[in-house]
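Chain letters run A, B, ... following the sequence lines, proteins first and then strands; every chain starts at 1. Every heavy atom of this structure was used, including side-chain atoms; hydrogens, water molecules and symmetry mates were not.
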Amino acid sequence: MSLTITSQRWTFKSPSLLLKNLNFFFSFSYLFNCSIHCSSPSSIDAESFYTSLLEKSLRKAHLTQIHNQLYKRGLQNNGFIITKFINISSNLKEIDYARQVFDEFPDKYVFLWNAIIRGYSMCNMLDEVVEMYSRMQTACVSPDTFTFPHVLKACGGLLAVRYGRAAHAHIYKHGFQEDMFVANGLLSFYVKCEENNSARVIFDGLTSKNVVSWTSIISGYAQSGQPVEALRIFMEMRGSDVKLDSIALVSVSKAYSDLEDLNQGGCLYGLVIKIGHEFDPDLRIALTSLYSKCGQVMAAKSLFDQMKVHDVILWNAMISGFAKNGHPNEALELFTEMISKNIPPDTVTVQSSVLASAQLGSLDQAKWMDTYVKNSKFSNDIIVSTALIDMYAKCGSIELAHEVFNRTLDKDVVVWSAMIMGYGLHGWGREAIDLFNEMKDARVLPNDITFLGLITACSHSGLVEEGWEFFHSMKDYGLEPQQKHYAGMVDLLGRAGYLDRACNFITTMPVEPSVSVWGALLSACKIHRCVMLGEYAAEKLFALDPLYTGHYVQLSNLYASTGMWDGVAKVRVLMKSKGLTKDVGLCELPPGNQIDIEVG
DNA sequence: CTAGGGTTAG
């Protein structure tokens with residue numbers, strides 16, 4: 001048999017020898033612009049020849065050539081080749097071409113449906129995935145175990161809980177629930193839809209669990225604010241004989257960073273080294289973020305510096321790590337370093353750098369950042385604009401904040417809330433309220449943060465009754481007050497000197513008051529020098545969060561403001577008895593939840 | 001041909 005490329009002809013003794021040498025021809029991809037022809041291969045040979053040819057294809061032009069040849073040889077209805085064709089077209093993001101070939105195929109069976117569904121999934125066209133799945137059912141083609149992972153992934157991405165549940169029912173109907181890929185697909189679907197309870201039912205029902213099953217359930221809890229449960233399951237996983245991999249550890253590191261628990265998080269790094277993943281770039285990004293969130297920015301920076309390749313996400317993790325932990329100068333240095341090295345920042349980089357500028361509080365820096373954004377492709381990015389509004393407000397220019405606000409198109413609730421909060425922090429309560437009315441006229445629905453902004457605005461400008469009304473109108477928008485709203489109300493009442501009302505308010509709360517609520521009461525007591533009530537609030541705070549030194553300092557300041565120096569001394573003794581020093585903040589798991597990771 | 005992870009405005 002022989003292969004002809006335009007005028008050149010190579011002869012091979014057997015088809016397998018020809019296929020072996022195909023690699024050689026395609027390493028010069030320009031050759032493929034000429035026509036490639038194989039001398040009449042038999043039916044079996046044709047399948048391996050064309051699938052090999054497809055695997056070497058790099059462009060749509062290659063696909064078209066093969067497509068034409070298939071027609072010439074009457075192979076257009078060969079399901080094996082056409083399935084491959086659809087898969088390869090999808091890999092090359094030529095999904096429309098894949099669809100055309102799919103539509104031309106007469107009796108589509110399950111492999112073809114799977115291929116086109118996979119194609120839409122690869123191209124992130126999730127609506128089409130779901131649509132093709134339902135067309136497949138209309139066509140009375142039974143799905144197989146390869147169909148569902150794609151469908152479930154799409155349902156998860158679309159947060160289409162109802163579709164996913166329907167697929168779940170189909171899976172049972174076909175008896176595929178034991179299949180590892182299908183079961184894990186279901187698990188991750190429920191996790192993405194934040195249906196942790198359903199996910200847990202699936203997880204607990206698994207007859208065998210692999211590293212993917214464990215990782216899915218761990219990240220489910222880690223990403224829904226239940227890091228302790230995530231870590232408990234991780235401990236269980238370590239007791240099983242499933243081997244850890246880098247993705248599992250990334251999920252675990254997310255749980256530790258939410259806990260801001262560096263003691264345990266530091267052990268995680270030991271574990272990473274132990275299983276030999278310390279140079280995994282993605283794990284390094286996660287660890288950089290973990291160290292940053294635990295306030296150990298310098299440790300994070302040393303991880304960052306050790307990396308040879310700096311992915312933009314790594315830069316982002318480092319910049320936001322610096323920005324959020326009181327090192328705005330370092331964050332902005334990294335940002336300018338990126339610019340000078342011609343590394344293109346993405347929207348997250350710019351968001352974090354704007355945040356750093358806000359933390360810095362310098363109006364000059366803020367203006368520089370604003371100018372940078374104006375001349376970049378991020379000038380119309382709504383998230384960046386929101387950050388700019390907040391930045392100007394924090395850097396002291398409510399006028400410039402308003403200017404950014406005015407030029408922001410299609411303002412969403414976050415943009416409005418940022419501006420309301422900006423006014424609020426400046427004590428411009430009336431302006432905040434006016435803006436809220438404008439927002440309602442613009443038919444933008446307020447959310448929990450909008451109301452927090454309004455309550456803050458009223459609190460900072462002494463508009464007690466207005467704030468009270470806003471708080472109570474939350475329910476008209478179907479919003480349940482959260483701890484931050486209760487804390488805002490205690491601040492509103494306490495700041496204005498209504499300490500009794502603040503206390504009454506706390507006793508009528510339908511939920512247990514959190515640290516932030518008692519903290520607000522304590523600071524109000526400090527303003528109005530009310531020692532007795534302040535001591536009461538402090539006791540509550542010590543009980544809730546015994547190791548946080550800030551509360552002790554607050555109480556001490558209260559005593560100092562009234563000249564009660566014996567009180568100041570008492571606090572110092574109390575702190576010493578608990579082994580606390582003034583500038584160390586510790587964060588530990590609740591008793592009984594300590595997790596030990598042994599490092600070999 | 002199929003399942004899990006990292007940065008992210010108020």
Side-chain angles (χ1 to χ4, degrees), chain A residues 83-84 86-88 90-91 110-119 121-122 144-153 156 176 179-189 191-192 210-220 222-223 245-254 257 280-290 292-293 311-321 323-324 345-352 354-355 358 378 381-391 393-394 408 412-422 424-425 447-450 452-453 456:
Chain A
T83 302
K84 189 78 185 177
I86 294 171
N87 284 332
I88 298 293
S90 310
N91 294 352
V110 61
F111 274 42
L112 273 105
W113 285 100
N114 287 350
I116 195 70
I117 287 174
R118 169 186 174 273
S121 175
M122 286 195 72
D144 66 7
T145 55
F146 284 76
T147 315
F148 287 106
H150 294 125
V151 174
L152 291 166
K153 192 178 189 165
F176 295 152
D179 181 272
M180 183 68 89
F181 283 92
V182 174
N184 283 344
L186 263 176
L187 183 51
S188 92
F189 155 72
V191 162
K192 277 197 203 107
N210 66 7
V211 63
V212 177
S213 331
W214 287 100
T215 307
S216 299
I217 196 78
I218 289 171
S219 73
Q223 287 174 359
D245 66 7
S246 61
I247 299 180
L249 288 171
V250 165
S251 308
V252 173
S253 97
K254 168 86 176 104
S257 50
D280 183 298
D282 299 332
L283 203 37
R284 287 225 158 195
I285 291 168
L287 288 171
T288 302
S289 162
L290 169 69
S292 298
K293 281 183 185 147
D311 185 286
V312 67
I313 298 180
L314 180 63
W315 285 95
N316 294 347
M318 199 59 247
I319 290 174
S320 76
K324 286 180 174 170
D346 69 3
T347 166
V348 178
T349 322
V350 178
Q351 287 158 30
S352 305
V354 175
L355 183 72
F378 307 105
D381 184 311
I382 194 161
I383 297 182
V384 171
S385 299
T386 312
L388 285 174
I389 293 169
D390 180 62
M391 173 191 76
K394 288 194 174 126
T408 304
D412 66 4
V413 60
V414 188
V415 172
W416 287 95
S417 305
M419 196 63 230
I420 289 173
M421 187 67 92
L425 292 174
N447 68 9
D448 53 331
I449 306 289
T450 319
L452 186 64
T456 308

Indicate, with a heavy-atom threshold strictly under 4.0 Å, whether [X] touches base, sugar-phosphate, or nothing.
X	value
A:T145	base
A:D245	base
A:N114	base
A:V211	base
A:F111	base
A:M419	nothing
A:A183	nothing
A:L355	sugar-phosphate
A:D144	nothing

Distance below 4.0 Å between [X] side-chain N/O and [N] OP1 or OP2:
X	N	result
A:Q223	B:dG4	no
A:K324	B:dT8	yes
A:K192	B:dG5	no
A:K153	B:dA3	yes

Report task. Kindly indicate whether the side chain of A:D390 and the base of B:dG10 share any N or O donor-acceptor pair separated by less than 3.5 Å? Result -> no
Query raised in the report: Can you find a donor-acceptor pair, distance only, under 3.5 Å between A:N210 side chain and B:dG4 base?
Result: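 Absent.
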**Report entry** Exam field: side chain A:D390 to backbone A:A393, donor-acceptor pair closer than 3.5 Å
**Finding:** no
Query raised in the report: About how many Å separate CD1 of A:I420 and CG of A:L452, when rounded to the nearest 0.5 Å?
Result: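 These two atoms lie 11.0 Å from each other.
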Requested in this report: Would you mind reporting whether A:N184 and A:N210 have side-chain heavy atoms less than 4.5 Å apart?
Outcome: yes
Query - Spacing of A:N184 atom CG relative to B:dT2 atom P, expressed in whole Å - result: 15 Å
Query raised in the report: Please give, in whole Å, the distance from B:dG4 P to A:L249 CG?
Result: 18 Å
Requested in this report: Consider only side-chain N and O atoms of A:T349 and A:D346, and report whether a donor and an acceptor are under 3.5 Å apart.
Outcome: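 Looking only at side-chain atoms, A:D346 and A:T349 do form a donor-acceptor pair, the distance falling under 3.5 Å.
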Requested in this report: Just do the side-chain hydrogen bond (donor to acceptor under 3.5 Å, both in side chains) check on A:N87 and A:S90 with the steps written out, would you?
Outcome: CA-CA 5 Å; A:N87 284 332; A:S90 310; 5.3 Å; no
